[in-house]
Amino acid sequence: MTNIKRIVILGCTGSIGTQTLDIVRRLPGRFEVVGLAAHGNAELLASQVQEFRVPHVSLGSDGALSAFRERLGATDWNVETFLGVEGMCSLSTLPEVDLVVVSVAGAIGIKPTHAALNCGKDIALASKEVLVAAGAPTMELARTKNCAIYPIDSEHSAIFQCLQGAPAKSIERILLTASGGPFRTTSREDLQHVTAAQALKHPTWNMGGLVTINSATLMNKALETIEAKWLFDVEMDEIEVVVHPQSIVHSMVRYKDGSTIAQLGLPDMRLPIQYALIYPERFDSGLPRMELSAYANLTFEAPDETKFPSLGLARHAVAQGGTMPAVMNAANEAAVARFLRGDLSYPGLIGCVEEVMAAHTAVEPTFENILEADAWARTYAESR
Ligand code: MG
């Protein structure tokens, strides 16, 4: 008996979305793509819809929607279309859907993720902001609806893999690896003057603009510590960030008996995506293999927290609790946008996040409060 999994991909034209479709392509007969949501890339969406015969789509704007209809007009394929965040919610809650891949950029994924969980759908989560900003209500919803949240983030997939078969409460420490970003060896003085173009050059991973800048500031790792806290139910002081520039060890778990389990692989996101899509199975989809002898030098070092204050900011945000992590995340997204358009310096970027957090008093992290704090933080960060 073949078990066809019916999936929806939110953010289908981005880096994770296109790689998810590559896994679907590589494992024929295992998936049916029921819905695709894109922000604005109508051309790519139209070609995906034709290739995978997708019956439902959602786009970010009316303009993108008409561009998509125009693209598809010449074909015989009939598609039901939806619009915006509500459109993503509609796709995620279609009765036939088994699993929703959430790979949109930023906190916009919270609402559709909650909509999907409310309808009992499993989630494959790439948008870490959903757990950073709304960890408590999201995990609570997953628990009460008995839904799984499979991590796509490579480090969290690694941790998830290292945890297979482990008895409950046997974790001593999570060792979250970080490439260190493009400025690992840049001096504090030189860091004052780096440009957006320099920050956009990531040594090992090829990702979207927000994630790449977050990798340069280590904010990506800071967000990942909070993501790990929620996914694996551990405290912040049980998560240690380890800089590992080769990005071969994707993370580790140290157990209470002193044993450390690591997951290794080429830095290829299709591996964690595939694991999230077909967990707990492991099929050969023909992805490239790693020759360990090609990586004779795997190095590990502690992060320089004076050079990269974002890790401390994440601990502070969790200690404050409530809506503070949502504010940190939203302020960071706004500050990154400002940095990318040359409106903030590199040190000014994290400075802006600190300033917004200092101006916020954390409140209970209900869904409404989180969205309100998120919106406030973006506006405030833009005005600083
Ligand atoms: Mg990651």
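Quick caveat: nothing in here was measured; it's all calculated off a predicted structure.
With hydrogens and angles left out, the side-chain atoms of Ser345 and Gln192 include no donor and acceptor closer than 3.5 Å. A donor atom on one side chain and an acceptor atom on the other are not found under 3.5 Å apart for His250 and Ser157. Side chain to side chain, Gln19 and Ser15 meet the donor-acceptor criterion of an N or O pair below 3.5 Å.
The backbone N or O of Val211 sits nowhere less than 3.5 Å from a side-chain atom of Ser215 that would complete a donor-acceptor pair. Distance alone, capped at 3.5 Å, is enough to place a donor-acceptor pair between the Lys121 side chain and the Leu94 backbone. Between the side chain of Ser251 and the main chain of Ile159, no donor-acceptor pair closer than 3.5 Å is present. Using a distance-only test at 3.5 Å, with no hydrogens or angles considered, a donor-acceptor pair links the side chain of Gln246 to the main chain of Asn297. In this structure a side-chain-to-backbone donor-acceptor pair under 3.5 Å is missing from Lys111 to Cys89.
Under a cut-off of 6.0 angstrom, the local environment of CD in Glu51 is crowded, with over 12 non-hydrogen atoms contributed by other residues, nucleotides or ligands. Within a 6.0 Å radius of CG in Asp257, other residues, nucleotides and ligands contribute more than 12 heavy atoms. Residue Arg25 qualifies as enclosed at atom CZ: its count of foreign heavy atoms under 6.0 Å is above 12. The local environment of CD in Glu43 is sparse, with at most 12 non-hydrogen atoms from other residues, nucleotides or ligands closer than 6.0 Å. The number of heavy-atom neighbours closer than 6.0 Å to CD of Glu235, taken from other residues, nucleotides and ligands shown, is 12 or below. Within a 6.0 Å sphere centred on CG of Leu65, other residues, nucleotides and ligands contribute more than 12 heavy atoms. For NE2 of His360, the number of neighbouring non-hydrogen atoms (other residues, nucleotides, ligands) closer than 6.0 Å is greater than 12.
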| message | For Lys128 and Glu155: C-alpha separation, side-chain torsions, deciding distance, then whether salt bridge (charged side-chain N to carboxylate O under 4.0 Å, His left out) applies. | response | CA-CA 11 Å; Lys128 62 197 73 174; Glu155 295 80 358; 5.6 Å; no
| task | In sequence, state the C-alpha distance, the side-chain angles, and the governing distance for Arg341 and Glu382, and then conclude on salt bridge (charged side-chain N to carboxylate O under 4.0 Å, His left out). | result | CA-CA 12 Å; Arg341 58 174 197 258; Glu382 274 296 334; 2.8 Å; yes
| query | When you look at Gln198 and Thr186, which way does the side-chain contact (heavy atoms from CB on, under 4.5 Å) test go after all the steps? | reply | CA-CA 11 Å; Gln198 289 169 307; Thr186 307; over 6 Å; no
| task | Kindly determine whether Leu200 and Thr195 satisfy side-chain contact (heavy atoms from CB on, under 4.5 Å), including the steps that lead there. | result | CA-CA 9 Å; Leu200 283 170; Thr195 62; over 6 Å; no
| request: Determine, step by step, whether Tyr255 and Leu163 satisfy the side-chain contact (heavy atoms from CB on, under 4.5 Å) criterion, reporting the C-alpha distance in whole Å, the side-chain angles of both residues, the deciding distance to 0.1 Å, and the verdict. | output: CA-CA 10 Å; Tyr255 286 98; Leu163 286 173; 3.5 Å; yes
| request: Step by step, work out the side-chain contact (heavy atoms from CB on, under 4.5 Å) result for Ile149 and Met139. | output: CA-CA 8 Å; Ile149 299 181; Met139 295 313 289; 4.0 Å; yes
| salt bridge (charged side-chain N to carboxylate O under 4.0 Å, His left out) between Asp284 and Arg289, intermediate numbers included | CA-CA 11 Å; Asp284 182 9; Arg289 301 309 202 246; 3.4 Å; yes
| task | Output, in order, the C-alpha distance, side-chain angles, deciding distance and verdict of salt bridge (charged side-chain N to carboxylate O under 4.0 Å, His left out) for Glu355 and Arg384. | result | CA-CA 8 Å; Glu355 210 179 319; Arg384 303 320 292 161; 2.8 Å; yes
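Between Ile152 and Leu125 there is no side-chain heavy-atom pair separated by less than 4.5 Å. Tyr150 places a side-chain heavy atom less than 4.5 Å from the side chain of Leu99. Counting heavy atoms from C-beta outward, Thr225 and Val318 have side chains that stay 4.5 Å or more apart. For the pair Gln48/Thr13, a side-chain contact is recorded, criterion being any heavy-atom separation below 4.5 Å from C-beta on. Here the side chains of Leu287 and Ile23 are in contact, with some heavy-atom distance below 4.5 Å. For the pair Val327/Tyr380, no side-chain contact is recorded, criterion being any heavy-atom separation below 4.5 Å from C-beta on. Here the side chains of His114 and Thr138 are in contact, with some heavy-atom distance below 4.5 Å. Using a 4.5 Å heavy-atom cutoff, the side chains of Leu59 and Thr81 are not in contact.
For the pair His156 and Ala228, the tightest heavy-atom approach, listed with the atom from each and the gap, is NE2-N, 3.5 Å. Nearest heavy-atom pair, Leu10 versus Ser92, reported as atom, atom and distance to 0.1 Å: CD1-OG, 3.7 Å. The minimum heavy-atom distance linking Leu131 with Ile226 is given by the pair O-CG2, 4.5 Å. For Thr323 against Ala362, the heavy-atom pair with the smallest separation is OG1-CA, 3.4 Å. The minimum heavy-atom distance linking Leu344 with Ala335 is given by the pair CD1-O, 3.7 Å. The two residues Thr217 and Tyr346 make their nearest non-hydrogen contact at CA-OH, 3.5 Å.
Note on Leu371: it clusters hydrophobically with Met88, by side-chain heavy-atom contacts below 4.5 Å among ILVMFWY residues. One hydrophobic cluster, built from ILVMFWY side chains closer than 4.5 Å, holds both Met324 and Trp230. Hydrophobic clustering (side-chain heavy atoms under 4.5 Å, transitive across Ile, Leu, Val, Met, Phe, Trp, Tyr) keeps Ile110 apart from Val363. Linking Ile, Leu, Val, Met, Phe, Trp and Tyr whenever their side-chain heavy atoms come within less than 4.5 Å leaves Ile248 and Val243 in two separate clusters.
We find the CZ-CD distance between Arg26 and Gln274 to be 9.0 Å, quoted to the nearest 0.5 Å. Here the OG1 atom belonging to Thr299 is positioned 7.0 Å from the NE2 atom belonging to His244, to the nearest 0.5 angstrom. One finds the CG atom of Leu264 at 5.0 Å from the CE atom of Met290 (value rounded to the nearest 0.5 Å). Distance check: Leu223 CG to Asn329 CG gives 5.5 Å after rounding to the nearest 0.5 Å. If you take CG on Asp233 and CD on Glu238, they are separated by 9.0 Å, rounding to the nearest 0.5 Å. We find the OG-CG distance between Ser103 and Asp153 to be 12.0 Å, quoted to the nearest 0.5 Å.
Between Tyr275 and Tyr279, the angle of the ring planes goes over 60°, which puts this pair in the perpendicular group of the 30/60° scheme. Below 30°, between 30° and 60°, or above 60°: for His56 and Phe82 the angle between ring planes is between 30° and 60°, a tilted geometry.
Across Leu313, Val356, Asn214, Asn220, a single residue satisfies side chain to side chain contact (heavy atoms under 4.5 Å, CB included) together with Asn332, and that is Asn214.
Ionic pairing of Arg53 and Glu32 is not present here: no N-O contact between side-chain nitrogen and carboxylate oxygen is shorter than 4.0 angstrom.
For Glu189, the side-chain contact (heavy atoms from CB on, under 4.5 Å) partners two or more places apart in sequence, or in a different chain, are Ser187. Taking the salt bridge (Lys or Arg N to Asp or Glu O under 4.0 Å) definition, one finds that Glu227 meets it with nothing, sequence neighbours left out.
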